[in-house]
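Computed over heavy atoms, backbone and side chain alike; hydrogens, waters and symmetry mates excluded. All chains are named by letter (A, B, ...) in the order of the sequence lines, taking the proteins before the strands, and each is independently numbered beginning at 1.
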Amino acid sequence: MNLKKYLVRALHRLQKGPGYTYKELLVWYCDNTNTHGPKRIIKEGPKKKLIWFFLTLLFASLVFWQWGILINTYLSYNVTSSLSIGFKTMKFPAVTICNANPFKYSEVKPLLKELDRLIEAALERILQPTPGNSTENVSLPLDLELWNQIPLVLIDEHDKDNPIILDIFETNQTNCTYRNFSSAAQAVTEWYILQSTSILSKVPLHERIRMGYQAEDMILACLYGAEPCNYKNFTQIYHPDHGNCYIFNWGMDEEALNSSNPGAEFGLKLILDISQQDYIPYLSSAAGARLMLHQQKSFPFLKDQGIYAMAGTETSIGVLVDELERMGYPYSDCTVNGSDVPVKNLYSQYNTSYSIQACLRSCFQNHMVEICGCGHYMFPLPEGVNYCNNEDNPGWAYCYSSLRSSIKQRQICIDSCKETCNDTQYKMTISMADWPSEASEDWIFHILSYERDMSTNVTLDRNGIIKLNIYFQEYNYRTISESAATTIVWLLSSLGGQFGFWMGGSVLCLIEFGEIIIDSLWITVINVISWCKGLKQRRARARYPDAPPTVSELVEAHTNLGFQHEPVGAPALPPEPGTPPPNYDSLRVQPLDTLGPDSDADAE
Amino acid sequence: MAPPGPEGGRAATTAPGKKITARLKRTLPVRGPQAPTLSELMRWYCLNTNTHGCRRIVVSRGRLRRLLWIVLTLSAVGLILWQCAELLMNYYSASVSVTVQFQKLPFPAVTICNINPYKYSAMKEYLYELDKETKKALETFYGFSEGKSKVRRSVDDWNSTGSDFFEQIPLLKVEDFSRTATELHSGQKRKIEGSVFHKDSSIVNSGDSNDIIGFQLCDANNSSECALYTFSSGVNAIQEWYKLHYMNIMAQIPLEIKEKLSYSAEDLLLTCFFDGLSCDKRHFTRFHHPLHGNCYTFNSGESGTILSTSTGGSEYGLQVVLYIDEADYNPFLVTSTGAKIMIHDQNEYPFIEDIGTEIETAAATSIGMHFTQSRKLSKPYSDCTETGADIPVENLYNKSYSLQICLHSCFQKAMVESCGCAQYAQPLPAGAEYCNYKKNPNWMYCYYRLHEKFVKEQLGCQQICKDACSFKEWALTTSIAQWPSVVSEDWMLRVLSWDKGQKLNKKLNKTDLANLMVFYKDLNERYISENPANTLVILLSNFGGQLGLWMSCSVVCVIEIVEVFFIDSLSIVLRHQWQRAKKWWSGRQQGRAARATASDVERQGHENHACVDEDLPTFTTALRLPLPQDSPLPRTPPPNYSTLRLETAFTEQLPDTLELSQH
């Protein structure tokens, strides 16, 4: 019962809005609200009232329109970028060094012997001025098994529609597709790569590592800043394209090195030997060291970002770290660590971080495994899959080349991979000079050869030696960082600014407005109830001649002291002298106030 | 809004007109300000305005406090004005956004030229005279001769054939101090007149080099006006001098013949490989460059399709092996060997002589690209042009606008205007002809004068031309490896010779070959764009914020201020003036007696507010009117019963509403 009483009381309180009719409520609202327009509507004369009414409406609609624009702007999640350039102590980039040639020819010769003989014989035939009527004078019998899998052919395209295909060794082939090249040099290289890939994929990894260049053979001298370093400071990694690669400052086991000074004196200085004499002749025609600067704990994709260093030169590389720091979702579609990318990252077995190149290659390899049933030699393997070779997967080369040239497959990979939010690039300023100079050549080669194998024989020459200087430039970073252009604070202050600018309003005004709506709801409720009641009463006392006063009439009578029930035949008021009585509330205030306590008392 | 002044209306209208105005006044009673004087208007404004501060001025008691509030309010107004001015001034600022998109990228056009423009063997017949004289000059000045017999013969020829070149522009050996020159041709010494220009450096060590070599250009019409161009090194002088004559000769050869004289696609390109697939000369478009002969553009977009790359890395880019026939080079025109390449957009003209990258022979040049696209906002944010249509310089190149195009076109235009013929290195404007000695003997002098003006920015080209608003840039990382490697050299050269075809019987030399790889390092496209930092909506929001912060003001307040301070005050002042004028007029008309009544009227108007005009009081004025004492309202006091009934109605309804709210 107590509760009910409490509720009744609460209801009473609520009921007592600032007015009893809509009009009164509105007038009260306009008079007392803090927004600027409405007050003027009720305080001015009729003409100005109209103007102010339309002005207020206009301003209100302007406010809502501009609020819409502002909220839209906020939801578009724009960013602003800020650029900073300067020098600071930074982590020295990881430096990956490889030889352009993956294996020592002296080591892989036994494996590639057959292939080399084949290609030599094939070249012999191709290069004869008239390939048709050559005389067989190949002394050694050739192993044509390799040949039969992927033969080299000559395509005579003089007649465009019926190209004549000449097999160099005249073996029978049916049901094939031909890849044609405009140049024999390319065709031979591509063919050799396909064949050697197939052969080498069968060799176990530790064997392949042994066949590649060893760190102590390749890295002759190393100096970082003022501190000496040697080949032991390099981490070995097996790279499918380039064999053994060595990474300086990879940051996997130990802390990354910092560099706090610009200039060549404080950078990394290396002397390398690429021993060009030991190159596989048909595999790589360009000679030099391949190197790449990359972030710590990221996999070096030398084919994409790597640069060459030429033998017999000193190559100086000034580094500027170009960073782009982006906001993640919803500002831009990038990934922080690759965990939300639907491609299984195969490079995670190297313990490296996500990168878009890793994603694309993993995506390709996954497709390759799916379609061809084996993995390509150039990319890491998913679990439980073997590398392709001609014996186990006779059709792999065809499968691979059709997959490689398939636009659709590439598009799928591009769509499913996302770029990383923090993009770091190393901008390099590369310059070269001849090294060693003719005057110093002798003693430098002598010392370096002696250090390598403790013998006085000079084992180095201009075709193998490379000097590298890698250092930070005077300005070593350029960072573009994004920040949200529109925050929630910005949104609120802009909303407030708009509301304030047009109408002088604030959140409290919105609450006031809500209050008025609640009040008018109450009035509606009361009206409905009293109307129902009136209906009941009318039925009960239908005998009364005139209709009982409506609620609005009652209220009007209550508020307007001059109000009179319109009697049917009431005599017209005598014409008022002078000014008519003002039709408003200033007069009304007194009686209302006096009534106030009364009604309160009544309610309780 | 306000009807015409009451006096004027009355004077002009007849009886029905008066009726209409009366009715108008009744229905639309607001006219003019309510307050009769300015100070009252101010007081009314301060009490009723929505801005904070003003009210405090009026309400505060005590002079100090009022002063304080006046100062505070004024400083708030000042702050608002200052801050809003700042906001307005910063309206046209731009913010930069950098977006990175990983996507399939269009491959740029790659233009490849041999550094040597024309085959020397084919050019022999045109350049025979010139070369002979150059050799002669070399021998005379430096004692250099290729072979005794050759020189002997050329000296013999010398006497028989007249020399056009030396007559027109002689090479001179200048003795610096005496200012005399030895002319190569006649060997005679003569005094130099005219100004001396050091072409390649402004600082010439005059102490040591008492023989500076150079040439003199004279105005053909007025031979006393000459300009002498000197060089600190004979290498530059000879090359520059050779180039002048060379351009003169080339200008007379028609384009078709020049194209034949230069390298064909088969000559230049040995192998081509793009995106893992073989390509050939059909993928290249020929383009004749005046200084570099035939150049070939890969992926020029002329066939309608632009190739694109969907994988980064060196295997998926363009790989070409170029044949640079070093033996067939022009010894005086070009002194370096190799090729020049440029990476540009399909719509861009390749200014290969200005910004080309040189390619070494016997090496593999690997060029990694990174694509950046930039876009600036045009007016009023910055002074750039979108299409170049608003630049008053005709675009002579058949490509989209760039600053370089504009400058070159501008210079060519000036050249045609002042020298009457066009410079050889740039395209021809309509109706013009390339300069040559036969038709325009004066052109060289004119050209050098004009070029000097151009460099010193006196032609106005640099002022007219604006940079383009959007541009694409391919940042290149170039590195070089030895190619072919020692062990692969043998078979590589054999196979490439075979590729070259049977007609070339000699085996290729590795210094005749250059390997070029152009590829995308990654497919991240950086798009740097400027965006307006402010929109109108944000500007208004900021205004609103400032107005609200300092004074809780809004547009409504501004309208109020306009209304009160301008319209109302003005009308009050005008009314006073009017009344004074009326008074003065009536005083002049009726003398003293009338003036008394006029002042009566005025006083009455001041005291009785309702009586100021014949207007009805408005809402607000009525509020301030004293209640008429003598006429009590002919009304009964409110019936008490109605309120009671109302209350009872509420109490009776309570249970229902309760139920309603509970349901």
Side-chain angles (χ1 to χ4, degrees), chain A residues 8 11 36-37 43 45 47-48 66 69-70 79-81 123 127 181-186 276 279 281 285-288 303-305 307-308 310-311 356 404-405 410 414 419 428 430 463 480 493-494 497-498 500-504 529-530 554 557-558 561-562 577 581-582 586 591 595 599 602, chain B residues 28-30 50 95-98 100 102 271 273 276 278 280 310-314 364 366 477 479-488 491-492 494-496 498-499 521 524 537 540-545 548 554-556 618-620 622-623 631 633 635 638 642-643 646-647 649 653-654 656:
Chain A
V8 167
L11 207 62
H36 293 178
K43 285 211 169 173
K47 198 161 68 175
K48 278 202 175 176
Q66 310 231 310
I69 292 176
L70 283 172
V79 289
T80 52
S81 307
L123 283 179
L127 299 179
F181 295 89
S182 59
S183 137
Q186 263 158 15
Q276 214 183 124
Y279 268 39
S285 54
K303 281 253 159 131
D304 293 23
Q305 313 261 344
I307 58 164
Y308 280 110
M310 197 154 111
I356 184 101
R404 191 172 108 146
S405 52
R410 290 190 198 176
I414 285 181
E419 65 267 45
M428 295 175 276
I430 303 168
N463 284 328
I480 299 172
S493 69
S494 301
Q498 282 295 334
F501 182 68
W502 294 111
M503 300 185 72
I529 289 171
S530 60
L554 291 176
H558 172 73
L561 299 179
S586 59
L595 273 175
S599 54
D602 277 356
Chain B
L28 297 172
V30 179
N50 281 314
S95 69
V96 175
S97 75
V98 179
V100 175
F102 178 79
T271 72
F273 210 59
S278 197
D280 57 26
S310 45
T311 318
S314 51
S366 116
T477 310
S479 61
I480 300 173
Q482 198 180 335
W483 179 87
S485 64
V486 175
V487 286
S488 66
W491 77 267
M492 200 69 176
R494 267 165 66 209
V495 174
L496 284 174
W498 183 80
D499 276 341
K521 271 159 76 177
N524 285 341
V537 177
L540 292 182
S541 295
N542 290 340
F543 274 180
S554 69
V555 170
V556 175
T618 60
F619 182 82
T620 4
L623 271 179
S631 61
L633 281 171
R635 286 166 197 162
S642 71
T643 48
L646 205 70
E647 292 310 316
Q653 278 161 17
L654 267 177
D656 300 1

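Chain B forms the most heavy-atom pairs under 4.5 Å with one residue out of A/Pro281, A/Gly37, A/Ser285, and that residue is A/Ser285. Between chain A and the residues B/Ile480, B/Val495, B/Thr271, the most heavy-atom pairs under 4.5 angstrom are made by B/Ile480. Ranked by heavy-atom pairs shorter than 4.5 Å toward chain B, the options A/Ile430, A/Ile414, A/Ile307, A/Ile69 are led by A/Ile414. Looking only at heavy-atom pairs under 4.5 Å with chain B, the residue among A/Gly288, A/Ala185, A/Gly504, A/Ala311 that has the most is A/Ala185. Highest contact tally toward chain A, considering only B/Gly312, B/Gly545, B/Ser314, B/Pro484, is held by B/Ser314 [criterion: heavy-atom pairs under 4.5 Å].
Every side-chain contact (heavy atoms from CB on, under 4.5 Å) that B/Ser485 has, sequence neighbours left out, goes to A/Gln276, A/Tyr279, A/Ala287, B/Val487, B/Ser488. Considering only residues two or more places apart in sequence or on other chains, B/Arg494 meets the salt bridge (charged side-chain N to carboxylate O under 4.0 Å, His left out) condition with A/Glu124, B/Asp490.
For B/Thr477, the part sitting under 4.5 Å from any heavy atom of chain A is the side chain, from C-beta outward, and nothing else. Contacts of B/Ser366 with chain A are made by side-chain atoms alone, with heavy-atom separations under 4.5 Å and no backbone atom involved. For chain A, no part of B/Asn542 is nearby; none of its heavy atoms comes within less than 4.5 Å.
B/Trp498 is not listed as a side-chain neighbour of A/Leu123, based on a closest heavy-atom distance of 4.5 Å or more. Here the side chains of A/Phe501 and A/Gln66 are not in contact, with every heavy-atom distance at 4.5 Å or above.
A/Ser81 contributes a side-chain N or O that, together with a main-chain N or O of B/Val98, makes up a donor-acceptor pair within less than 3.5 Å. Remark: the backbone N or O of A/Gly497 is not paired with any side-chain donor or acceptor of B/Ser541 at under 3.5 angstrom.
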